[in-house]
Protein chains: 2
Amino acid sequence: MRRHCPSLVALQAFEAVATHGSLTRAAQSLHISQGAVSKQIKQLETFLTIELFQRQRYGLELTAAGQRYLQEIAPALSRIEAASLEAMAPPVKGGELRITCMPTLGAKWLIPKLPDFFQHWPEINLTFLPHRYGYDFSTPQVDASMRFGDGVWPDCQADYVVGRAIVPVAKPGVFSLPVASPEQLAALPLLQHVSAPHAWHDWMHAVAAHPKQLNTGPSFDQFSLLTEAAIAGLGVALIPACLIEEELRSGKLEQVYDMAILDRQGYYLCYPPDRAELPELQVFRAWLREQGLENQARMRLASMHHSPGLPAPE
Amino acid sequence: MRRHCPSLVALQAFEAVATHGSLTRAAQSLHISQGAVSKQIKQLETFLTIELFQRQRYGLELTAAGQRYLQEIAPALSRIEAASLEAMAPPVKGGELRITCMPTLGAKWLIPKLPDFFQHWPEINLTFLPHRYGYDFSTPQVDASMRFGDGVWPDCQADYVVGRAIVPVAKPGVFSLPVASPEQLAALPLLQHVSAPHAWHDWMHAVAAHPKQLNTGPSFDQFSLLTEAAIAGLGVALIPACLIEEELRSGKLEQVYDMAILDRQGYYLCYPPDRAELPELQVFRAWLREQGLENQARMRLASMHHSPGLPAPE
DNA sequence: AGATCTTACGAACAGCGTAAGGATA
DNA sequence: TATCCTTACGCTGTTCGTAAGATCT
């Protein structure tokens, strides 16, 4: 049976452009030229006879059809890559992988998911080095590191994992929630992250709301404090969804408006080019990517690729 | 991020060879040369550094690793194709598709699944023509037809859908079931399909059992009668799993040994080459394929590519 | 002999990088 | 001007078909 499928490289390019919101950065992440990506996207759009992206100043944004397509394609790509890695000769017994990770992300997101990783890859010996080792790959101690940022670091490959989806949350029952419109939110106490004073403005912009004034509340310098403040009922906070999965599940927090925004910054897995071929790292990378995708699949997203973004948290 | 994936064409070739059990027939179904398929498979095996198939006289058989790989890859491919078709410009409003279908398959398998099809493709007007119209595509009345056979018909493209997985079933509680070994089955009354007197021999062979004698019971000339006989508690019957989904679910029948065999014959969607590009047909074909895959995913399979196979049923 | 898989060779095509062109603020 | 996307050209590697070779019954 002849299949009517686009090529895998085109789909990978599509996914990269969709998550990065830009041909240039997608090309960087794919390690190919920007012109090549442009052509792949165009070819894919011609094949499907639809527009996947809306061309804009400074980047491309997914159309509605593009979003639907991405939601089907991304998990399929992920599954193919994971299955291929799993099918390959398994890594050497006792394979080692040494990483560092930001404390909040580790506690709230990564560690809870590790049992699944060890179930698939019992031979891989994963070691968390002290976070203060940072991302100095010059010593042989650290193989990879979970960092926060926009995915561009010198001398460093970076694969997006999770954290760009930001949701507004509050303690259930304190305010009359969830609200019907973003404008109603503006009147509630809006908790701030000191390093991201524009976060609420950006959010309002991304959901196309234009309140006259924002009721700014107290500020905090870490997401963990912001989380606790929201749980205490002090107001509404903008927090990466991946850091409050447990709180949302258990009902300690509630999403107050069903729209996440896609910030430009997020948690990336970084590693030096010379470790890219390490089998244990490839396996970990593919697994991380699948975990990150699951997070994203469930949310309604308003994209905001070119906002200033939030600063490094914690 | 650079991905370590094989190419899509290689994966499609892999899937085709796996379902057909032969390079030659896979090549026919893909409409490319047999040498090309051979090379794709070899390249894929080199890429994964594992053996996907065991080369045998008259064909190739999946290795255990190959089976695991197929179970991940096939749904992913299916999803990509379905998403791509859905993303394309939707078929013209009021698109027509006229098919014929064998009565038992229609009643037991296809019709119950149609609500899902119409949900995805409300614009497509699907018409079931009388089965006696058969598969005469010379008149413009019939676009495609569900046929039973081994997938090779002259002047006709044929995509495998479902029906090759055969399971032994009986009424619960009548015998002491399920049995621990295939040999114990040989002593129970084995219901026969008159046109497939070797079915039970083949099944025993496929599961590597060698009973001294088979306790052959009454014979029937249609699967629907065989099904009713099994429900009545007359004995154990070998029936395509897709024809007794409802009976297994409701407990009217029970699978007596947890091993299906993959017969060479099954239900195929056939259509003339000049209708292959009909958008409505492509959509229907991709949807059928997904439905068929779901059936297969749940079973333990012992393959039996080169048995004589069962005759056309009903 | 008959069926099947493997391999070799040349042709066609797809994917890439470089680099020039065009649009927008 | 600066940034980003688009397009053109030529190179490279991949995929294909044809067809001959190998193997097994």
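Every chain is numbered from 1 and lettered A, B, ... according to where its sequence line falls, protein lines coming before strand lines. From a predicted model like this one, the values you see are computed outputs, not experimental measurements.
- We find that CD1 of A:Ile41 is positioned 17 Å from P of D:dC4, with the value rounded to whole Å.
- Note on ring orientation: taking the six-membered ring where Trp is involved, the planes of B:Tyr268 and B:His20 are tilted (angle from 30° to 60°).
- Atom P of nucleotide D:dT14 and atom CD of B:Gln43 are separated by 8 Å, given to the nearest angstrom.
- For the pair B:Phe47 CZ and D:dT14 P, the computed distance is 12 Å after rounding to whole Å.
- When rounded to the nearest whole Å, the span between CD1 of A:Ile32 and P of D:dG13 equals 17 Å.
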Report summary line: Nucleotide by nucleotide, nucleotides 2-13 of chain C touches protein heavy atoms under 4.0 Å in the pattern (B base, S sugar-phosphate only, - none) BBSBBB-B----
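- To the nearest angstrom, C1' of D:dC5 lies 16 Å from CD of A:Glu61.
- Aromatic ring orientation, B:Tyr69 versus B:Phe14: tilted (interplanar angle from 30° to 60°).
- Rounded to a whole Å, the CG atom of A:Leu44 is 15 Å from the P atom of C:dA14.
- For the atom pair A:Leu11 CG and A:Ile73 CD1, the distance stands at 5.0 Å (nearest 0.5 Å).
- Atom P of nucleotide D:dC4 and atom CZ of A:Phe53 are separated by 16 Å, given to the nearest angstrom.
- Within a 6.0 Å sphere centred on CD of B:Glu183, other residues, nucleotides and ligands contribute more than 12 heavy atoms.
- The aromatic rings of A:Trp287 and A:Phe284 sit parallel, their planes meeting at an angle under 30°, below the 60° perpendicular limit.
- Salt-bridge annotation for A:Arg68 and B:Glu86: absent, with no side-chain N of the basic residue lying under 4.0 Å from a carboxylate O of the acidic one.
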